[in-house]
Amino acid sequence: MDVRPAELQSLLGQAGRRLASTLWAEPLEHLRSIPYRDAGHGHDVFGYEPLHAALSLSLTELLHRYWFRVRSHGTEHVPRQGPAVLVGNHAGTLPFDAMMVWTDVILRCRRLPRPVADHFVPALPYVSTLYARSGVVGGSAGNLRALLEAGELLLIFPEGVPGIAKPFRERYQLRDFRVGHAELAIRHQAPVVPVGIVGSEEQMPQVARLPVHAFGVPYLPVPLTPLPLPVRYHLHYGEPLHLHEGLRPEDADDPEVVHRAAERVRHAVQALVNEGLRLRKGVFR
């Protein structure tokens, strides 16, 4: 049979989709229960698509359940609908903390968090496409405004790269927060849910950083272990903070107002981290 390349690609694509539907039926069921807006290309305007996201979820769920053995506290504080912003501490050399929160919220809250990526992530080959298909978005103001106006749930780590790059001796001491999450919450009248993540600091200690800047990355980390250690993750979701109470949307243009709001969030996250450290019985327990 004479099959042209385009036809072969189509057949392989159809077979792949059928195989994926079989292997990832349960993750796909989770994600199909969460509404999304198909832009007419099989994915939304940011690239999210449930079938590809199910592949990611099938992998991260294994880590969530069997490797990091995640324990969640306070998931009732995550709004089940409407615009909101999850804000957590960031650590651990590679973003397994973001993966665990993303997985946890999908499985336990039936919502799709939209992780906000740092500026260099969209330039990474292959990884950027996989991230986009799973719901990750670039952190431009226009993207985040559109998502909140559509009633979506953002996942933001305001420490950025300095959070995951901190020395091991300074673990669980939060770096300064960027203020974009506070500006968004005030401007769009959206609640902020602080998330204290315990376990990530010990998962993959860094021993060095190489001055490699390919694709815009700030450095290439050299971890102590090739794989993350099987630490136990503890996720503590705090009560929503209504930063916009008593304010107008235009108050988001006031740097002092936004800075105070961001500090309020940082203190809430640090308090949850401190409580999580107090309650856990050990790094692997």
Side-chain angles (χ1 to χ4, degrees), residues 27 30-31 34 48 53-54 56-80 83-118 121 130-132 134-137 139 144 147 152-161 163-164 171-172 174-175 177-178 180-181 184-185 190-204 228 231-241 265-266 268-273 275-277 280:
H30 277 292
L31 290 161
I34 301 171
Y48 169 73
S56 298
L57 183 61
S58 67
L59 299 174
T60 60
E61 185 178 4
L62 293 175
L63 293 174
H64 182 280
R65 189 185 302 271
Y66 300 112
W67 192 257
F68 293 124
R69 308 172 316 286
V70 177
R71 288 179 177 166
S72 300
H73 313 267
T75 53
E76 69 275 8
H77 296 311
V78 179
R80 288 337 191 234
V85 184
L86 295 172
V87 174
N89 54 302
H90 206 18
T93 302
L94 293 176
F96 289 101
D97 50 2
M99 297 178 200
M100 292 305 99
V101 176
W102 181 82
T103 304
D104 199 62
V105 173
I106 291 174
L107 297 179
R108 293 180 171 154
C109 305
R110 293 285 178 156
R111 285 204 74 174
L112 174 71
R114 306 300 296 254
V116 178
D118 219 322
V121 173
L130 177 61
Y131 277 10
S134 301
V136 177
V137 296
L144 306 188
L147 287 166
E152 299 228 30
L153 177 67
L154 301 182
L155 172 57
I156 298 179
F157 296 92
E159 292 173 281
V161 171
I164 64 174
R171 59 194 179 278
Y172 298 115
L174 271 60
R175 292 292 190 255
F177 270 25
R178 301 169 184 172
H181 66 285
L184 286 166
V192 171
V193 179
V195 186
I197 304 168
V198 173
S200 56
E201 293 277 16
E202 294 90 1
Q203 73 187 11
M204 217 172 188
V231 300
R232 184 184 286 278
Y233 262 69
H234 301 265
L235 305 180
H236 294 262
Y237 302 89
E239 293 186 10
L241 303 175
V265 177
R266 188 174 72 85
V269 173
Q270 184 71 72
L272 289 168
V273 168
E275 180 69 3
L277 290 171
R280 77 169 175 176

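In what follows, every heavy atom counts, from backbone to side chain, and hydrogens, waters and symmetry copies are set aside. Because the structure is predicted, anything quoted here is derived from the model rather than measured.
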Side chain to side chain, [X] and [Y], heavy atoms closer than 4.5 Å:
X      : Y      : answer
Trp102 : Leu112 : yes
Phe177 : Val87  : yes
Pro115 : Tyr131 : no
Val85  : Val265 : no
Pro228 : Leu94  : no

**Request:** With sequence neighbours left out, write down each residue that passes side-chain hydrogen bond (donor to acceptor under 3.5 Å, both in side chains) with Arg111, or none if nothing qualifies.
**Result:**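 In terms of side-chain hydrogen bond (donor to acceptor under 3.5 Å, both in side chains), with neighbours along the sequence ignored, Arg111 is linked to no residue.
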Spacing of [X] atom [atom1] and [Y] atom [atom2] [to the nearest 0.5 Å]:
X      : Y      : atom1 : atom2 : value
Leu107 : Leu57  : CG    : CG    : 5.5 Å
Phe157 : Leu86  : CZ    : CG    : 8.5 Å
Leu184 : Leu144 : CG    : CG    : 5.5 Å
Arg108 : His30  : CZ    : NE2   : 10.5 Å
Glu201 : Thr93  : CD    : OG1   : 9.0 Å
Asn89  : Asp97  : CG    : CG    : 7.5 Å

**Message:** Has Gln270 got a side-chain atom pairing as donor or acceptor with Tyr172's backbone, closer than 3.5 angstrom?
**Reply:**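 A pair under 3.5 Å: yes.
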**Request:** Could you tell me whether the side chain of Gln203 and the main chain of Gly92 form a donor-acceptor pair under 3.5 Å?
**Result:**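 A pair under 3.5 Å: yes.
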Heavy-atom pair with the smallest gap, counting every atom of [X] and [Y]:
X      : Y      : answer
Val78  : Cys109 : CB-SG, 3.9 Å
Leu272 : Gly238 : CD1-N, 3.6 Å
Tyr237 : Gly74  : CB-O, 3.2 Å
Ile34  : Arg110 : CG1-O, 3.6 Å

**Request:** Take the angle between the ring planes of His234 and His236 and call it parallel below 30°, perpendicular above 60°, tilted in between.
**Result:**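 Because their plane-to-plane angle is under 30°, the rings of His234 and His236 count as parallel.
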**Request:** Could you walk me through whether Glu275 and Leu277 pass side-chain contact (heavy atoms from CB on, under 4.5 Å), step by step?
**Result:** CA-CA 5 Å; Glu275 180 69 3; Leu277 290 171; over 6 Å; no
**Item:** Tyr48: partners by ring-ring contact (aromatic ring centres under 6.0 Å, His included), with sequence neighbours left out
**Value:**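 If we apply the ring-ring contact (aromatic ring centres under 6.0 Å, His included) test to Tyr48, skipping adjacent residues, the hits are Tyr36.
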**Request:** Determine whether more than 12 heavy atoms belonging to other residues, nucleotides or ligands lie under 6.0 Å from atom CD of Glu76.
**Result:**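 Correct, the count exceeds 12.
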**Request:** Could you tell me which residues satisfy salt bridge (charged side-chain N to carboxylate O under 4.0 Å, His left out) with Arg69, sequence neighbours excluded, listed by chain and number?
**Result:**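 Arg69: no salt bridge (charged side-chain N to carboxylate O under 4.0 Å, His left out) contacts found.
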**Item:** Partner set under salt bridge (charged side-chain N to carboxylate O under 4.0 Å, His left out) for Arg280, not counting sequence neighbours
**Value:**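 With neighbours one apart ignored, the set is Glu202.
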Counting only pairs under 3.5 Å, give me each side-chain donor-acceptor contact of residues 191-199, with atom names and distances, residues two or more places apart or in other chains.
none

**Request:** Using side chain to side chain contact (heavy atoms under 4.5 Å, CB included) as the criterion, point out the one residue from Pro113, Pro27, Ser56 that pairs with Ile106.
**Result:**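 One option only clears the test, and that one is Pro113.
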**Message:** Per the salt bridge (charged side-chain N to carboxylate O under 4.0 Å, His left out) rule, what does the pair list look like for residues 56-67, sequence neighbours excluded?
**Reply:**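 Applying salt bridge (charged side-chain N to carboxylate O under 4.0 Å, His left out) to every pair that reaches into residues 56-67, excluding sequence neighbours, yields Glu61-Arg65.
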